[in-house]
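Basis for what follows: all heavy atoms, side chains included, without hydrogens, waters or symmetry-related copies. Residue numbers begin at 1 in each chain, while the letters A, B, ... track the order of the sequences.
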Protein chains: 2
Amino acid sequence: MPVSVNHSDVPRAASEQPRRATMRDVAALSGVSIKTVSRVINGVASVSDELRDRVTRAIVQLDFQPNLAASSLRRTDGATRQIALLLENVANPFSATLSRAVEDVAREHGTLVFAGSLDEDPRREMELVRAATLHRVDGILLVPAGRDHGYLHREIRNGTPVVFADRPPRGLAADAVLATNAEGAREAVLHLADHGHTEIAFLGDEHLISTATERLAGYRAALAERGLPERPGRVVWDLPDPESAARAVARMLDSADPPTALFTAQNLVTIGAIQTLQERGLHREIAVVGFDDFPMADLLMPRVTVVAQDVMRIGALAVRRLFERIAGDTSPPREERVPTTLIVRGSGEIPPR
Amino acid sequence: MPVSVNHSDVPRAASEQPRRATMRDVAALSGVSIKTVSRVINGVASVSDELRDRVTRAIVQLDFQPNLAASSLRRTDGATRQIALLLENVANPFSATLSRAVEDVAREHGTLVFAGSLDEDPRREMELVRAATLHRVDGILLVPAGRDHGYLHREIRNGTPVVFADRPPRGLAADAVLATNAEGAREAVLHLADHGHTEIAFLGDEHLISTATERLAGYRAALAERGLPERPGRVVWDLPDPESAARAVARMLDSADPPTALFTAQNLVTIGAIQTLQERGLHREIAVVGFDDFPMADLLMPRVTVVAQDVMRIGALAVRRLFERIAGDTSPPREERVPTTLIVRGSGEIPPR
DNA sequence: CTGTTAGCGCTTTCAG
DNA sequence: CTGAAAGCGCTAACAG
């Protein structure tokens, strides 16, 4: 570990600081056994008012704070009251919202949450899972980056439950809470078709991510349902960021047979597409429906029609499931689906030229 | 704790699972003492290749994962390799970006980070600080909600360093990493003045937050510098969300003497202001410069001129400082300021009518 | 209702 | 270079 810090030469650390008070100190000061202190701390009823009082006073006087790690080390259930939340990137809106949902539920359970960003890197996923288990988290909530989760078998067997959110597990049976990706995509594309479009493009992110696959399936289902052909070059994916999405849209527009409507299957893809449309002054000519809402979508001109995911709900359901597992639920793994909502704002209702 | 989970009646939990391997198991399997295992785990050089090899093999075979909590319990420095990051709301862009910066630096130190949202609630700040110390975090990075941090003295003295980010400590001497709020605001308002505006309004968030105060000071400094008067009703704050900001702008526009330019001193305020301007079709008439950049600012029409904070840098400097404290730095607390940058995009260059 | 003893999994100290 | 014993701060399992 490269901890080359640049400070005064005095190495010291714990030596100078007055030791933190322990249960022993509290016991000594209040003249009871350490076990009685433990009882008071843990709210066990069978303590006389008088002793409870003396102990409480000593706790305040010494500013005693029980050491949670020490207690969970000895406890039968071994609970640490920590969970890990591993996701794409805490800085992106989807992950950030999920994170908040998780935090809120965790708080109800008196549990702190470690947040970790995977950056779509499977290796990083394994590293962070390992870090989490070294810290003996009570459970892991995972928006996976990797495509094989067999390695999690061991962790689960060792007593660390894992619940998946947004993307399903592969090579592993585990709980998952997902959006209705295919249905949402289908609805988006039907919406475009119903506004007269026959030339609808699909633009998606990393094709190995299951959400992309499901959304493409929804796109195709909608085309088939309306008897529309899927033209070559109309489906593009592996667009990891707005820039590549912007370029992809530019290429499409430059082609012999440009689309009149775009279904952008992910947040950042939507943003990149809009960028190009704006640059070319086509934002009022070409229809766009995006998958997943994003901040400011209703301040752009035209306002952006999207199929919104209920991210807070996905997060909340997933942590709830996790806490059920932590509490000892051993029922077979379940997959839950959270429905999407079409939000009509303008960009998706532009008719074809 | 309301943990009413809805699962099968079997309460069980730890009982059924095969116990996790411990150092003792590894020692037994490899026929060495537990201490030697400890040495191998901690990379102590003085172990013969042969023993190291046997131990390593046993570790793999048993899938042994050292218990970090147990080790830090006994360790002299007591480090838990966890820090807490307490901020406004993990879901908002500023906090989310800060969070990412902190995570990246923490990773270099092999440290996990607890993220917690305070929602501008001082009570919640104290609760989460306490939760963090119960978990014996190595340090706390705080974007404070409260206005008196005297209570942190105890924690610091007990050995938990605290570093402030974005907002300074009050009633406590502690490290802080802040933006150059006054200077940035001054630059924004001078920019508007230099485009011919004399009627410039200030719109800010919660006035008790120090950043708001500093930005107002910058606004006033700029007015004074250009010899412009501060008209009554031109300064409005305590705008906690876009909606109230939108209403405040509407009221100003309806007044007898509406401004020709707005300096919006915070993210959400900027967004609310733009909403109202768009609704009234005034977004190309009235100039806006916002403090703090936001996603999509360059996709709106007109694109939004802002004074951007270097949030990643604020976060990175703050955690670095925290890790220095954790490493034992006892030098006097320092305040660092991170400069802002004016990003010219269009909305701030609209001339007065 | 209260206390004693042992020991969670690991590192420290101190002997070989 | 290796190991035995003690103990971090706390709770479990028994006594009384």
Side-chain angles (χ1 to χ4, degrees), chain A residues 13-15 17 19-55 58-59 62-81 133-136 138 158-159, chain B residues 13-15 17-55 58-59 62-81 133-136 158-159:
Chain A
S15 49
Q17 335 186 11
R19 214 175 38 78
R20 238 185 247 269
T22 72
M23 276 198 180
R24 253 236 283 291
D25 303 324
V26 175
L29 181 60
S30 47
V32 299
S33 83
I34 179 179
K35 178 73 232 204
T36 299
V37 177
S38 170
R39 290 200 178 93
V40 171
I41 296 285
N42 291 292
V44 175
S46 67
V47 178
S48 72
D49 288 358
E50 132 121 56
L51 287 195
R52 178 184 309 283
D53 211 64
R54 260 159 52 198
V55 169
I59 287 174
L62 296 173
D63 185 29
F64 168 69
Q65 297 187 298
N67 183 327
L68 223 60
S71 101
S72 63
L73 183 60
R74 193 62 181 85
R75 274 204 144 81
T76 327
D77 65 2
T80 58
R81 310 211 146 253
T133 58
L134 290 181
H135 282 266
R136 295 293 189 269
D138 294 334
N158 277 337
Chain B
S15 50
Q17 338 186 10
R19 214 175 39 76
R20 239 184 247 269
T22 73
M23 275 197 179
R24 253 237 282 292
D25 303 323
V26 175
L29 181 61
S30 47
V32 300
S33 83
I34 179 180
K35 175 71 232 203
T36 298
V37 178
S38 170
R39 289 199 179 93
V40 172
I41 296 284
N42 293 292
V44 175
S46 67
V47 178
S48 71
D49 287 357
E50 132 119 59
L51 286 195
R52 178 183 311 282
D53 212 64
R54 257 157 58 197
V55 169
I59 287 174
L62 296 174
D63 185 29
F64 168 69
Q65 297 188 298
N67 184 326
L68 223 59
S71 100
S72 63
L73 182 60
R74 192 63 180 86
R75 274 207 144 79
T76 324
D77 65 2
T80 57
R81 310 213 148 251
T133 58
L134 290 181
H135 283 267
R136 295 294 188 271
N158 277 337

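- In this structure, A/Ser33 OG and A/Arg39 CZ are separated by 6.5 Å, a value rounded to the nearest 0.5 Å.
- Nearest to the side-chain atoms of A/Met23 among the listed nucleotides C/dT12, D/dT11, D/dG3 stands D/dT11.
- Here D/dT11 presents its C1' atom at 15 Å from CZ of A/Arg24, a figure rounded to the nearest Å.
- Atom CZ of B/Arg75 is separated from atom P of C/dG9 by 17 Å (rounded to the nearest Å).
- When the P atom of C/dG9 is taken as reference, atom CG of A/Leu73 falls 7 Å away, rounded to whole Å.
- Rounding to the nearest 0.5 Å gives a distance of 8.5 Å between OG1 of B/Thr133 and CG of B/Asn158.
- Between A/Ser72 and B/Ser33, the residue whose closest nucleotide on DNA chain D is further toward the 5' end is B/Ser33.
- B/Leu51 comes within 4.0 angstrom of the backbone, heavy atoms only, and of no base.
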Go through the steps for B/Leu51 and B/Val40 under the test side-chain contact (heavy atoms from CB on, under 4.5 Å), then give the verdict.
-> CA-CA 9 Å; B/Leu51 286 195; B/Val40 172; over 6 Å; no
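- Below the 3.5 angstrom threshold, one finds no donor paired with an acceptor across the side chain of B/Arg136 and the base of D/dG9.
- Side-chain nitrogen and oxygen atoms of B/Ser71 include none within less than 4.0 Å of the OP1 or OP2 phosphate oxygen of C/dG9.
- Summarising the geometry, the separation between CD1 on B/Ile41 and P on C/dC10 is reported as 8 Å, rounded to the nearest angstrom.
- DNA chain D is contacted by both B/Asp49 and A/Asn42; B/Asp49 maps to the nucleotide lying nearer its 5′ end (nearest heavy atom per residue).
- Rounded to an integer number of Å, the gap from B/Arg52 CZ to D/dC1 P is 10 Å.
- The separation between A/Lys35 atom NZ and D/dC14 atom P is 13 Å, rounded to whole Å.
- A close approach under 4.0 Å does not occur between any side-chain nitrogen or oxygen of B/Ser38 and OP1 or OP2 of C/dC10.
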For A/Arg136 and B/Asn67, run side-chain contact (heavy atoms from CB on, under 4.5 Å): C-alpha distance rounded to whole Å, both residues' side-chain angles, the deciding distance at 0.1 Å, then the answer.
-> CA-CA 7 Å; A/Arg136 295 293 189 269; B/Asn67 184 326; 3.8 Å; yes
Residues B/Ile41, B/Met23; criterion side-chain contact (heavy atoms from CB on, under 4.5 Å); working and verdict | CA-CA 9 Å; B/Ile41 296 284; B/Met23 275 197 179; 3.9 Å; yes
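- Residue B/Thr36 places no side-chain N or O under 4.0 Å from the OP1 or OP2 atom of D/dC1.
- Among the atoms of the strands shown, base atoms are found under 4.0 Å from some heavy atom of A/Ser46.
- Distance A/His135 NE2 to C/dG9 P: 18 Å, rounded to the nearest Å.
- Nearest to the side chain of A/Ser48, among C/dT2, D/dT2, D/dG9, sits C/dT2.
- In this structure, A/Arg81 atom CZ and D/dC10 atom P are separated by 16 Å, rounded to whole Å.
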